[in-house]
Amino acid sequence: MLRAVGSVEDPPAASPTADEESEEFPVWQAVALGALHGPAELLPISSSGHIAVVPWLAGWQYCRLDDELRKSFEVALHTGTAAALLISLRREVEDAVRGLSLRRVWQIGLSFAPPAFMGYRYERWIERHLGTPPTVAAGLFAGAVAMALADRAPQERRAEDARTADALWLGVAQACSLIPGVSRNGATLAAARRRRFTRVDANRLSRHAALPIIAGATVLKGVRLRARGLPPDAAVPFAAGALAAFVSTLGSTRLIQALERDSSLLPYALYRIGLAALIARRLAQHPE
């Protein structure tokens with residue numbers, strides 16, 4: 001099994017202590033995180049933020065894994081989720097592909113370019129400095145405020161009305177969501193609602209903008225993971241986590257339908273604020 005070293009906030013130590021070496025990454029924690037990843041990815045609550053802070057709040061050994069191993073495990077989770085999304089949304093993907101036009105390809109490129117550039121250029125810096133509980137709490141709170149304010153906009157536009165400026169807004173939103181806690185889904189929903197798209201069509205635009213990013217990020221991180229390699233004992237927890245993410249994503253597809261029933265973003269914003277407050281309280285009680 002994986003040996004845990006370092007902490008959730010600090011870079012891995014050069015030479016782990018005997019106590020650190022004795023820590024392991026249990027398979028049940030990998031499965032629990034995979035089960036959490038599916039619904040957290042589909043809802044505007046930040047999957048990356050939850051994967052970072054839930055083990056920290058619970059005191060799991062996952063927090064003490066080496067930073068690179070944690071990021072590699074997140075790649076496995078994203079792989080499982082991406083595969084499940086391609087299956088559950090296959091009809092929508094097929095319809096989108098059949099309906100492609102030069103204008104639509106241009107818009108997809110505009111929504112893809114900002115997060116692709118920022119992820120390729122600054123992913124390492126973001127992972128080192130913005131994945132801590134305080135920054136996740138800030139991302140959760142800021143994203144919640146943006147969602148609540150944007151959802152007050154009138155519902156006047158359909159997805160078919162999207163223009164170049166709308167694609168750029170979605171691209172910038174996805175770039176901002178690289179910060180753990182912000183949420184890609186939440187950021188793009190806020191951007192689309194701010195542009196006066198209906199809630200149903202905002203969800204549709206959010207999904208269409210997300211699929212290329214999720215697939216691209218999974219491929220990029222997978223290549224880096226292959227080049228870096230993994231400890232021989234990583235296979236079981238990584239496979240278990242990926243499988244759990246796949247199953248939980250497939251089982252949570254009804255959440256997409258629930259979001260599309262003209263539901264307000266306010267409940268999700270309030271949940272995010274509550275989680276941010278819980279993190280802040282924990283930090284106040286146990287400053288590190």
Side-chain angles (χ1 to χ4, degrees), residues 4-13 29 33 36-37 39-41 43-75 77-78 81 114-150 171-191 210 213-214 217 220-221 224 265 268-288:
V5 297
S7 70
V8 73
E9 296 185 28
D10 300 319
Q29 290 185 13
L33 290 173
L36 173 65
H37 194 268
E41 180 68 31
L43 293 173
I45 58 175
S46 179
S47 59
S48 61
H50 278 71
I51 297 302
V53 300
V54 167
W56 174 74
L57 288 170
W60 289 356
Q61 292 96 318
Y62 176 79
C63 299
R64 292 180 286 276
L65 282 177
D66 176 86
D67 288 343
E68 292 297 324
L69 284 175
R70 288 204 308 273
K71 292 306 172 185
S72 298
F73 180 70
E74 290 178 22
V75 173
L77 297 184
H78 279 288
T81 294
F117 171 78
M118 293 297 292
Y120 182 79
R121 181 67 178 83
Y122 297 106
E123 179 189 26
R124 297 294 187 182
W125 187 90
I126 291 172
E127 289 176 350
R128 291 192 186 99
H129 300 283
L130 300 182
T132 64
T135 55
V136 170
L140 287 167
F141 182 81
V145 172
M147 288 166 52
L149 293 177
V172 171
Q174 292 198 108
C176 293
S177 71
L178 292 172
I179 301 173
V182 170
S183 169
R184 179 210 54 76
N185 195 5
T188 51
L189 282 174
I213 288 298
I214 293 175
L220 175 62
K221 291 182 177 181
R224 290 177 173 174
L265 296 179
Y268 304 106
L270 292 176
Y271 168 81
R272 293 166 60 110
I273 291 173
L275 181 56
L278 179 62
I279 296 170
R281 179 182 179 184
R282 172 69 177 272
L283 287 170
Q285 292 176 339
H286 305 283
E288 298 180 10

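As a basis for the values below, the full set of heavy atoms in this structure was taken, side chains included, without hydrogen atoms, waters or symmetry mates.
To the nearest 0.5 Å, the span separating OG on Ser48 from NE2 on His37 amounts to 7.5 Å. A distance of 11.5 Å separates CD in Glu74 from OG1 in Thr81, rounded to the nearest 0.5 Å. Going from atom CH2 of Trp56 over to atom CD1 of Ile51 covers 15.5 Å, rounded to the nearest 0.5 Å. Atom OG1 in Thr132 sits 9.5 Å away from atom CD1 in Ile279 (nearest 0.5 Å). Between the CG atom of Leu265 and the CG atom of Leu149 there is a distance of 11.5 Å, given to the nearest 0.5 Å. Note: Ile179 CD1 to Leu140 CG = 11.5 Å, rounded to the nearest 0.5 Å.
Between Tyr62 and Leu33 there is a side-chain heavy-atom pair separated by less than 4.5 Å. Under the 4.5 Å side-chain criterion, counting only non-hydrogen atoms from C-beta, Pro180 is in contact with Ile126. Between Gln29 and Pro55, the closest side-chain pair of non-hydrogen atoms is not below 4.5 Å. Using a 4.5 Å heavy-atom threshold, the side chains of Val182 and Ser46 count as separate.
A side-chain donor-acceptor contact under 3.5 Å links Arg272 to the backbone of Pro44. Without hydrogens or angle criteria, Arg184 side chain to Ser177 main chain gives no donor-acceptor distance under 3.5 Å. Remark: the backbone N or O of Glu41 is not paired with any side-chain donor or acceptor of Ser47 at under 3.5 angstrom. The closest donor-acceptor contact from the side chain of His50 to the backbone of Ile45 lies under 3.5 Å.
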Test side-chain contact (heavy atoms from CB on, under 4.5 Å) applied to Tyr271 and Leu275, step by step
CA-CA 6 Å; Tyr271 168 81; Leu275 181 56; 4.2 Å; yes

side-chain contact (heavy atoms from CB on, under 4.5 Å) between Leu130 and Trp125, intermediate numbers included:
CA-CA 8 Å; Leu130 300 182; Trp125 187 90; 3.7 Å; yes

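Closest of all the heavy-atom pairs between Ala150 and Ala190 is CB-O, 3.2 Å. The minimum heavy-atom distance linking Ala276 with Ala137 is given by the pair CB-O, 3.5 Å.
Between Tyr122 and Phe117, the two ring planes are perpendicular [angle over 60°; tilted spans 30° to 60°].
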